[in-house]
Amino acid sequence: MNAALRFKAAVEAGDIVGATAFFSDDITLHSPVKFRPFEGIDTVRALFGVLQRTFEDFRYVGRYDGPTGHVLHFRTVVNGKQVEGIDLIELDEDGRIGTFTVMIRPQSAVAAVGEAIWAGLVADGVVS
């Protein structure tokens with residue numbers, strides 16, 4: 001099983017620490033709520049801690065596999081808003097998750113997710 005599928009299994013088991021173990025140390029995460037990407041394992045791991053507290057009833061509902069990447073389709077709830085999105089996962093040359101891109105719909109959900117994540121990152125001291 002490749003890193004993306006092991007990541008998915010760990011997320012579904014509620015093991016965020018285990019899930020982020022499949023990321024490369026220099027991972028780049030492109031977020032729908034921030035222009036500049038989150039970079040580096042420490043920052044991305046902190047972000048996933050916030051996501052775990054912010055997302056309610058998170059579940060993957062579909063999966064699409066390609067030769068160098070995977071798409072995981074998810075649904076969740078944030079502050080009462082229904083959120084649908086995809087995680088586009090690209091593996092690096094070592095088979096680890098090197099690039100992670102999140103896309104969310106609808107636009108009102110992007111706003112709700114952005115506000116909730118920013119508040120969590122500020123509360124955790126990741127950003128000021």
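Side chains are part of it too, since the values below use all heavy atoms of this structure and drop only hydrogens, waters and symmetry mates.
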Quick one, His70 with Glu90, criterion side chain to side chain donor-acceptor pair (under 3.5 Å). Give me CA distance, side-chain angles, the key distance, then yes/no. CA-CA 7 Å; His70 305 272; Glu90 297 174 67; over 6 Å; no
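- Each of Ile89, Leu88, Asp65 was checked for a side chain to side chain contact (heavy atoms under 4.5 Å, CB included) with Val71, and the lone residue meeting it is Leu88.
- Of all heavy-atom pairs spanning Gln52 and Gly14, the tightest one is NE2-O, 3.1 Å.
- For Tyr60, the ring-ring contact (aromatic ring centres under 6.0 Å, His included) partners two or more places apart in sequence, or in a different chain, are Phe58.
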Go through it in stages, so that I can follow the logic: the residues are Arg96 and Asp26, the test is side-chain contact (heavy atoms from CB on, under 4.5 Å), and I'd like the CA-CA distance, side-chain angles, deciding distance and then a yes or no. CA-CA 10 Å; Arg96 302 184 65 72; Asp26 61 348; over 6 Å; no
Go through the steps for Thr101 and Thr99 under the test side-chain contact (heavy atoms from CB on, under 4.5 Å), then give the verdict. CA-CA 7 Å; Thr101 303; Thr99 305; 4.1 Å; yes
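- Within the 4.5 Å cutoff, the side chain of Phe22 has no heavy atoms near those of the Ile27 side chain.
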Go through the steps to decide whether Gln82 and Val77 satisfy the test side-chain contact (heavy atoms from CB on, under 4.5 Å), and finish with yes or no. CA-CA 5 Å; Gln82 298 290 321; Val77 176; 3.6 Å; yes
Checking side-chain contact (heavy atoms from CB on, under 4.5 Å) for the pair Met103/His30: CA distance, chi angles, key distance, verdict? CA-CA 9 Å; Met103 297 180 198; His30 299 278; over 6 Å; no
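- In plain terms, the two heavy atoms of Ala3 and Ile97 that are nearest each other are O-CD1, 3.9 Å.
- Nearest approach of Ile117 to Val50, heavy atoms of both residues: O-CG1, 3.8 Å.
- Contacts classified as ring pair (Phe, Tyr, Trp, His ring centres under 6.0 Å) and involving residues 84-106 (residues at least two apart or in different chains) are given here: Phe7-Phe100, Phe23-Phe100, Phe48-Phe100.
- Phe55 is connected to Val122 through a chain of hydrophobic side-chain contacts under 4.5 Å among Ile, Leu, Val, Met, Phe, Trp and Tyr, so both are in one cluster.
- Annotation: the span from Asp124 atom CG to Arg53 atom CZ amounts to 4.0 Å, rounded to 0.5 Å.
- Residue Asp25 places its CG atom among 12 or fewer non-hydrogen atoms of other residues, nucleotides or ligands, all under 6.0 Å distant.
- Contact record, Thr20 with Val17: OG1-O, 3.1 Å, taken as the closest heavy-atom pair.
- Between the side chain of Thr76 and the backbone N or O of Glu56, at least one donor-acceptor pair lies under 3.5 Å.
- Listed by chain and residue number, nothing satisfies the side chain to side chain donor-acceptor pair (under 3.5 Å) test with Asp15 (two or more places apart in sequence, or in another chain).
- Under the 4.5 Å side-chain criterion, counting only non-hydrogen atoms from C-beta, Ile86 is not in contact with Leu72.
- Of all non-hydrogen atoms in Ala112 and Val78, the two that sit nearest each other are O-CG1, 3.9 Å.
- Looking at heavy atoms from C-beta onward, Val110 lies in side-chain contact with Val33 at the 4.5 angstrom threshold.
- His73 has its side chain within reach of Glu84: a pair of non-hydrogen atoms, C-beta onward, lies under 4.5 Å apart.
- Of the inter-residue distances, the one linking Asp94 atom CG with Ser24 atom OG reads 8.5 Å to the nearest 0.5 angstrom.
- Around NZ of Lys34, the count of heavy atoms belonging to other residues, nucleotides or ligands within 6.0 Å exceeds 12.
- Ala46 and Val126 get closest at one heavy-atom pair: CB-CG2, 3.6 Å.
- Salt-bridge check for Arg63 with Asp87: failed, with every basic side-chain N at 4.0 Å or more from each acidic carboxylate O.
- Between atom CD of residue Glu39 and atom CG of residue Leu29 there is a gap of 10.0 Å, rounded to the nearest 0.5 Å.
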